[in-house]
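Comments concern the structure below.
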Amino acid sequence: MSRLVLVILGKQGAGKGTQCARLSARYEIPHVSTGDILRAAVKAGSPLGREVASVLESGGLVSDDLVNRLVASRFTEPDARRGALLDGFPRTIGQAAALDELLGEDGVSLCINLDVPNELAVARLSSRRVCVECKTIYRDTDPEAISGTCSNCGGDVIQRSDDTPEAIAARLALYERDTAPLLDFYAARGLLVTLDGARDADVVTADIEAVIAARGLS
Ligand code: ADP
């Protein structure tokens, strides 16, 4: 089977992380989230983490060069030989071009755009809580969020430091400016499928699987 590289696009709160966790299990390809990689570096206090901590906190973007190198390095790991689900990358036209160069001839298999209105994105992000260990996403009303303990792995369930109203607004604005142009980039290559991300997560997953099957990618 050839490599399956799925780019999951959509603004913050569109459901990319939730869908990637499911699709990763279904297609046995790793969920590569540049946000998770960067946050892990911040938590570990590594030189990379110290370099990017304040950018993440404010909701700004890390440099293309830095994330391009992170993703290139991630693709050298054995589990990425079969492909990957890319979440939060590419986020700029420069990153999309770097990804094309990295993947070479086969390129990106498909780009799924999860479309949600801004109000829903803000509501989802404001009520989002996340396990720092296994990254399971909860709502603020879930028992795990209230107790602060993940029922999946026992890790701490917290609110991300960039899920504050100011950082959410900054991230959504950057999405419109830097990331939304990628929709035309992938549409021009015949690789873009836009789905309504406001629906129930199970329905969205079923839709994505149907698109992948219809394109003969699974
Ligand atoms: P969200 O999409 O909700 O903002 P992510 O977890 O994808 O969350 O990213 C968190 C933060 O990590 C971003 O706000 C940004 O600072 C940084 N980041 C993640 N991916 C990239 C990227 N591809 N390019 C630049 N910065 C990135």
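One-based numbering, in listed order, for ligands and for the atoms of each. Computed from a prediction, not measured in an experiment: that's the story for all the values here.
- Ligand 1 lies out of reach of Lys11, whose nearest heavy atom is not under 4.0 Å from it.
- With respect to atom 1 (P) of ligand 1, the closest heavy atom belonging to the protein is Gln12 CG, 3.3 Å.
- For ligand 1, none of its N or O atoms has an N or O atom of Val67 under 3.5 Å away.
- Residue-ligand proximity, Gly88 to ligand 1, at heavy-atom distances under 4.0 Å covers atoms 20 (N), 21 (C), 22 (C), 23 (N).
- Closest non-hydrogen pair, Leu182 versus Ile93, comes out as CD2-CD1, 3.7 Å.
- Within the structure, the closest approach of Glu57 to ligand 1 does not fall below 4.0 Å when heavy atoms are considered.
- Closest protein heavy atom to atom 4 (O) of ligand 1: Arg171 NE, 2.9 Å.
- Contact record, Leu192 with Arg215: O-NH2, 4.4 Å, taken as the closest heavy-atom pair.
- Ionic pairing of Arg129 and Asp156 is not present here: no N-O contact between side-chain nitrogen and carboxylate oxygen is shorter than 4.0 angstrom.
- For ligand 1, the atoms lying closer than 4.0 Å to a non-hydrogen atom of Arg128 are 3 (O).
- Scanning all heavy atoms of the two residues, the minimum distance from Arg3 to Arg81 falls at CD-O, 3.6 Å.
- Comparing heavy-atom distances from atom 7 (O) of ligand 1 across Lys16, Arg91, Arg160 singles out Arg91 as nearest.
- Between Val130, Leu125, Leu56, Leu38, it is Leu56 that holds the heavy atom closest to atom 11 (C) of ligand 1.
- In this structure, the protein non-hydrogen atom closest to atom 15 (C) of ligand 1 is Gly60 O, 3.2 Å.
- Annotation: side chain of Phe89 is in contact with side chain of Leu99 (closest heavy-atom distance under 4.5 Å).
- In this structure, Asp202 pairs ionically with Arg22, as a charged nitrogen and a carboxylate oxygen lie closer than 4.0 Å.
- Remark: side-chain polar atoms of Ser127 are paired, donor with acceptor, to backbone N or O of Ala123 under 3.5 angstrom.
- With a 6.0 Å cutoff to the six-membered ring centre and a 45° limit on the axis angle, Arg171 does not count as a cation-pi contact of Tyr175.
- In terms of protein heavy atoms, atom 20 (N) of ligand 1 is closest to Thr34 OG1, 2.7 Å.
- With a 4.0 Å cut-off on non-hydrogen atoms, Val62 touches ligand 1 through its backbone as well as its side chain.
- The protein heavy atom nearest to atom 24 (N) of ligand 1 is Gln95 NE2, 2.9 Å.
- Residue Gln95 holds its CD atom at 10.5 Å from CG of Leu86, rounded to the nearest 0.5 Å.
- Neither the backbone nor the side chain of Lys135 comes within 4.0 Å of ligand 1, counting heavy atoms alone.
- Between Ala201 and Gln19, the shortest heavy-atom distance links the atoms O-NE2, 3.1 Å.
- Annotation: atom 10 (C) of ligand 1 to nearest protein heavy atom, Arg39 NH1, 3.4 Å.
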